[in-house]
Protein chains: 2
Amino acid sequence: MKPLTIGTLAKSAGVGVETIRYYQRRGLLSDKGPRRGAYRIYESGDLARLRFIRRAQALGFSLDEIGDLLSLDETDDRAEARALAQARLGEVEKRLRQLQEIRDALKGLIACCEHTESPAPCPILHTLAENDELDTHAR
Amino acid sequence: MKPLTIGTLAKSAGVGVETIRYYQRRGLLSDKGPRRGAYRIYESGDLARLRFIRRAQALGFSLDEIGDLLSLDETDDRAEARALAQARLGEVEKRLRQLQEIRDALKGLIACCEHTESPAPCPILHTLAENDELDTHAR
DNA sequence: GTTGACTCCGTATCAGGGTACGGAGTTTAG
DNA sequence: CTAAACTCCGTACCCTGATACGGAGTCAAC
């Protein structure tokens, strides 16, 4: 049977070869391991780890946080994992609130723009150019 | 009265001097203009433009989009401005939906983790390490 | 035993939105 | 007049998550 080389692993995980190397440089994936000749041979654990990374990314964790999660996984540290998930949740909720404000502001501007007639200045541009305090804080 | 130099302008607009230079390099702000001796003198229009930029940023527009908005502002092109705002709104709403999914997934994991006892694997880590299809698509 | 595909490794580059640094010139307050 | 503070300008660097490139080595098939 074929040894699991970097290219095959990349394909199974749905990432690029360069990405795997990158994760190795970042310490998310071991870069030591058995070799056949000059070529590193990977195992199914590496694939699982890659999938772990992709799932955590989908939940919005940064690669640094994922590094932490991976070591928690090794020790099965539930409290710490929950704390990380909580922290992430907090940030997600904060960002959600910001985005909701942004959405409402945009909707308001668009609606307003549709109801005004041409001699008046465009509300969208006008609002952006205004001098009062609209300042939702910058992102 | 004091001439409006870059430092003063930066302070009034709440940005750094380097940021103003950066915007000039990006073409968002003119870098030609009256000088007193070697020093560029700014005018209130520049401050207004900076505020415009900050407001648009707060709504999530990129600097490139803001460049477009600024030229629309000069011609007062309502239709185009509305189109840009619509496009932005679409992206904001899409991101909102993604973040809601992420939030729900995180909440579920955290709640689940609180209700299981220690011999079982931590649901958070376990879910991330699972082999089934959880894949919300990556951000 | 050669050709084509793959791997290794280091380094560079991308996007986006700035920030930092350094040396020289200028301005302004005291 | 002098010293501090500011400005100019060019260039380099930060962060994040990758992606690209190039030359050399290696492996597998025919």
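For clarity, every value in this text was computed on a predicted model and none was experimentally measured. A note on names: the letters A, B, ... follow the listed sequences, proteins ahead of strands, and every chain is numbered from 1.
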Can you tell me if the side-chain N/O atoms of A/Tyr23 get under 4.0 Å from OP1 or OP2 in D/dA18?
yes
Listed nucleotide nearest any side-chain atom of A/Arg26, set C/dT28, C/dG18, D/dG17:
D/dG17
Can A/Gln100 and A/Arg97 be counted as having a side-chain donor-acceptor contact under 3.5 angstrom?
no
Treating primed atoms plus P, OP1 and OP2 as sugar-phosphate and everything else as base, which nucleotides of nucleotides 2-13 of chain D get B, S or - for protein heavy atoms under 4.0 Å?
----BSBB----
Expected list for residues 19-30 of chain B: side-chain donor-acceptor pairs under 3.5 angstrom, two or more places apart:
from    : atom 1 : to      : atom 2 : distance (Å)
B/Tyr22 : OH     : B/Arg26 : NH1    : 3.1
B/Gln24 : NE2    : B/Ser30 : O      : 3.3
B/Gln24 : NE2    : B/Tyr42 : OH     : 3.0
B/Arg26 : NH2    : B/Asp64 : OD1    : 2.8
B/Ser30 : OG     : B/Lys32 : N      : 3.0
B/Ser30 : OG     : B/Lys32 : O      : 2.7

Separation of C/dG17 C1' from B/Arg54 CZ (nearest whole Å)
14 Å
Quick one: list whatever passes side-chain contact (heavy atoms from CB on, under 4.5 Å) with A/Leu84, sequence neighbours left out.
A/Asp68, A/Leu69, A/Leu72
Nucleotide D/dA18, atom P - distance to CG of A/Leu29 in whole Å:
13 Å
Salt bridge or not for A/Glu91 and A/Lys94, using N-O below 4.0 Å?
no
In whole angstrom, what separates A/Gln24's CD from D/dG17's P?
17 Å
A/Tyr22 OH to D/dG17 C1', straight-line distance once rounded to whole Å:
4 Å
Value in whole Å for how far the P atom of D/dT16 lies from CD of A/Gln57
13 Å
Side-chain donor-acceptor contact under 3.5 Å, B/Gln98 with B/Arg95:
yes
Report yes if a side-chain nitrogen or oxygen of B/Arg36 is closer than 4.0 Å to either non-bridging phosphate oxygen (OP1 or OP2) of C/dT28; otherwise report no.
yes
Should A/Thr19 be listed as having a side-chain N or O under 4.0 Å from OP1 or OP2 of D/dT19?
yes
Step by step, would you call A/Glu80 with A/Thr75 a side-chain contact (heavy atoms from CB on, under 4.5 Å)?
CA-CA 10 Å; A/Glu80 221 7 62; A/Thr75 57; over 6 Å; no
